[in-house]
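What you are looking at is a predicted structure, and each value in this text was computed from that prediction instead of being measured.
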Amino acid sequence: MIHNYVIISITVLLSVMILVMIGQKLKVAYPIFLVIAGLLISLIPGMPHIEIEPDLVFLIFLPPILFEAAWFTSWQDFHKWRKQIFSMAFGLVFLTSIVVAYLSSSIIPGLTVAMGFLLGGVNSPPDAVAATSVLKHMKIPKKITSILEGESLINDASSLIVFKFALAAVISGQFIFGEAVKDFFTMAIGGIAVGVGSGLLFGALLRIIPSNSNIDTIITLIVPYIMYVGAEHFHYSGVLSVVAGGLLMSYNSHCYLSHTSRIQSGNVWSVLIFLMNTIIFILIGLELPVVVAGMKDYTISEGIFYSIVIGGAIIFTRILHSYALMYFPRLCSKEVRLKAPKPDWREPFIISFAAMRGVVSLAAALSIPAFLPNGEAFPHRNIILFVTFVIILITLVGQGLLLTPILKFLKISDAGSELPEEKQEVILMRKLKETALHKLDNDFLELAEKNTLVQ
């Protein structure tokens with residue numbers, strides 16, 4: 001039996017890697033290609049239904065993905081664009097949830113506002129992995145990727161908090177605004193405190209106790225799970241815990257990790273996160289039969305109609321918010337108009353259009369319980385799940401494939417970074433090696449001169 005599982009696992013991994021290589025050959029970003037491949041595979045007659053376990057995503061996949069994103073986030077860029085990042089990670093998430101709540105409750109028969117907030121919390125956070133993977137080989141301003149990556153570190157937490165409050169409101173039948181605000185700050189502050197405390201603890205541990213690069217790498221793999229589980233145990237935000245702890249440990253990594261440990265752990269994390277992402281995106285495609293099978297109270301055409309309307313509202317809301325965030329301060333302040341450079345109208349559009357939904361949205365929708373505490377079926381769970389799945393396809397596959405021609409049409413590029421990232425890395429490594437050789441030559445000459453004088 002174990003041998004069969006091993007063979008199946010190896011076959012799946014090999015198949016996924018082959019699909020990724022095919023996607024690279026076709027010049028299609030691997031998240032998009034894997035979702036499409038998963039959809040096609042799920043349509044094969046006799047293909048067994050594969051259902052994503054929400055706990056598996058939240059506990060196994062989410063902590064390391066968030067920790068890796070926080071670890072490699074540029075502090076300088078994060079601080080530089082912090083106002084826009086926090087406005088989109090919190091303000092836009094709440095605004096999107098409100099729009100989806102009232103729109104969905106007005107067009108879907110029987111759906112209450114609380115259930116609408118549940119749908120809004122599920123679909124409000126963009127997926128950073130999809131966006132950065134799609135934009136990686138495109139010449140776009142570094143500002144755009146920095147904002148998208150910074151936003152993604154926080155918006156999962158804010159959207160999941162909205163989701164939890166809406167779920168509690170549907171189950172209990174009541175929602176107290178004052179208590180919700182209090183619980184929100186408690187979850188957020190508590191999660192950050194657990195993450196910072198864990199980061200300081202493990203940083204001190206690595207600094208005090210002698211270790212090597214292998215031990216250091218393993219500890220960095222364990223830490224995000226401890227942060228996440230520790231925060232969730234006390235009913236705090238596990239997402240904010242991992243993000244806060246990851247940012248702290250990354251900022252102080254030079255204090256307790258040697259250069260060998262940082263290089264080795266970076267390579268290990270790169271492979272691990274790539275593997276996790278490939279598995280996640282093909283699972284999204286394979287989830288099609290499970291989602292369609294749950295559509296019992298609505299027709300497929302009705303579900304698609306609701307999805308297009310709600311998905312369009314989400315995209316439109318993000319576009320409006322992005323442009324308001326850029327131009328509203330200029331309209332209100334003469335000082336801003338005089339000091340700040342004239343904004344590029346294309347940047348907000350790309351920031352909005354590059355926001356693609358992914359596995360966090362699907363996992364959150366799947367985590368909605370099938371039954372209420374009284375034993376009744378959870379109302380409208382099937383349509384919430386179907387709408388979420390279609391919105392993922394619209395934003396990930398649809399917008400993802402359209403990004404390249406749109407970027408070419410807009411003729412937007414990174415003026416400060418015309419070279420691809422890979423070439424910049426090669427040039428940087430060459431300059432570092434030249435500097436190191438120059439240093440060695442100088443030290444060797446001084447040492448040789450001293451030895452000559454002694455003799």
Original post:
With distance as the sole test, does R357 use its side chain to make a donor-acceptor pair with the main-chain N or O of I391 at under 3.5 Å?
Top reply: no
Original post:
Does the side chain to side chain contact (heavy atoms under 4.5 Å, CB included) test come out yes or no for F33 and V20, once each step is laid out?
Top reply: CA-CA 7 Å; F33 190 79; V20 172; over 6 Å; no
Original post:
Any chance CZ of F78 has more than 12 other-residue heavy atoms, nucleotides or ligands included, within less than 6.0 Å?
Top reply: yes
Original post:
Which pairs, with at least one residue in residues 59-82 and sequence neighbours excluded, count as a salt bridge (charged side-chain N to carboxylate O under 4.0 Å, His left out)?
Top reply: D77-K142
**OP:** Return yes if some donor-acceptor pair links the side-chain N/O of S15 with the main-chain N/O of T11 below 3.5 Å, else return no.
**Re:** yes
Subject >> For I392 against G358, the heavy-atom pair lying closest together >> reply: CD1-O, 3.4 Å
Subject >> Backbone of T217 reached by a side-chain donor or acceptor of S265 within 3.5 Å >> reply: no
Subject >> Worked check of side chain to side chain contact (heavy atoms under 4.5 Å, CB included) between M356 and V397 >> reply: CA-CA 9 Å; M356 309 168 200; V397 179; over 6 Å; no
Subject >> Between OG1 on residue T186 and CZ on residue F234, distance to nearest 0.5 Å >> reply: 14.5 Å
**OP:** Please name all residues satisfying salt bridge (Lys or Arg N to Asp or Glu O under 4.0 Å) with E151, sequence neighbours left out, ordered by chain then number.
**Re:** R318
Subject >> CZ (F72) with more than 12 external heavy atoms under 6.0 Å >> reply: yes
Original post:
Looking at CD1 of I394 and CD1 of I314, how far apart are the two atoms once the value is rounded to the nearest 0.5 Å?
Top reply: 9.0 Å
Original post:
What are the two closest heavy atoms between G191 and A231, and how far apart are they?
Top reply: CA-CB, 4.4 Å
Original post:
Would you say F163 and I368 make side-chain contact, with heavy atoms under 4.5 Å?
Top reply: yes
Original post:
In Å and rounded to the nearest 0.5 Å, what is the OG to OH distance from S352 to Y323?
Top reply: 7.0 Å
Subject >> Point-to-point distance, once rounded to the nearest 0.5 Å, from NE2 of H321 to OG1 of T317 >> reply: 10.0 Å
Original post:
When you measure from the side chain of S87 to the backbone N and O of K83, does any donor-acceptor pair fall under 3.5 Å?
Top reply: no
Subject >> K25 side chain near M21 side chain, heavy-atom distance below 4.5 Å >> reply: no
Original post:
Side chains of F67 and M249: closer than 4.5 Å at any heavy-atom pair?
Top reply: yes
Subject >> Nearest non-hydrogen partners of N155 and P126, listed with the distance >> reply: ND2-CD, 3.0 Å
Original post:
Can you tell me how far CG of N212 sits from OG of S258, rounded to the nearest 0.5 angstrom?
Top reply: 9.0 Å
Subject >> H254 and H259, any side-chain heavy atoms less than 4.5 Å apart >> reply: no
**OP:** Determine the interplanar angle of the F353 and F349 rings, folded into 0 to 90°, and report it as parallel if under 30°, tilted if 30 to 60°, perpendicular if over 60°.
**Re:** parallel
**OP:** Keeping the roles fixed (side chain from T96, backbone from L92), state whether a donor-acceptor pair exists under 3.5 Å.
**Re:** yes
Subject >> Check against side chain to side chain contact (heavy atoms under 4.5 Å, CB included), L393 and L39 >> reply: CA-CA 10 Å; L393 294 183; L39 287 170; 3.8 Å; yes
Subject >> Spacing of OG belonging to S97 relative to CD1 belonging to I161, to within rounding of 0.5 Å >> reply: 11.5 Å
Original post:
Counting only N and O atoms by type, is there a donor-acceptor contact under 3.5 Å from the side chain of S253 to the main-chain atoms of S250?
Top reply: yes
Original post:
Of the non-hydrogen atoms in G121 and V162, which two are nearest, and what is the gap between them?
Top reply: CA-CG1, 4.0 Å
Original post:
Is there a side-chain contact between F316 and V99, using heavy atoms and a 4.5 Å cut-off?
Top reply: no
Original post:
Do Q264 and D216 meet the criterion of a side-chain donor-acceptor pair at a distance under 3.5 Å?
Top reply: no
Subject >> Minimum-distance pair of heavy atoms, taken over all atoms of L248 and V196 >> reply: CD2-O, 3.5 Å
Original post:
Is there a donor-acceptor pair closer than 3.5 Å between any side-chain N or O of T260 and the backbone N or O of S213?
Top reply: no
Original post:
Can you tell me if R207 uses its side chain to pair, donor with acceptor, with the backbone of Y256 under 3.5 Å?
Top reply: no
**OP:** Describe, in one word, how the ring planes of F90 and F86 are oriented to each other, choosing from parallel (under 30°), tilted (30 to 60°) and perpendicular (over 60°).
**Re:** parallel
Original post:
Is there a side-chain contact between L13 and I279, using heavy atoms and a 4.5 Å cut-off?
Top reply: yes
**OP:** Just do the side chain to side chain contact (heavy atoms under 4.5 Å, CB included) check on M115 and R381 with the steps written out, would you?
**Re:** CA-CA 9 Å; M115 296 175 193; R381 181 182 186 271; over 6 Å; no
**OP:** Indicate the atoms forming the closest heavy-atom contact of G38 with L286, along with that distance.
**Re:** O-CD2, 3.5 Å
Original post:
Where the side chain of S367 meets the backbone of A364, is there a donor-acceptor pair that is under 3.5 Å apart?
Top reply: yes
Original post:
Can you find a heavy atom in the side chain of F117 that is under 4.5 Å from one in the side chain of V100?
Top reply: no
**OP:** Report yes if some heavy atom in the side chain of I350 is under 4.5 Å from a heavy atom in the side chain of I406; otherwise report no.
**Re:** yes
**OP:** Taking S241 for its side chain and M227 for its backbone only, find out whether a donor-acceptor pair lies under 3.5 Å.
**Re:** yes
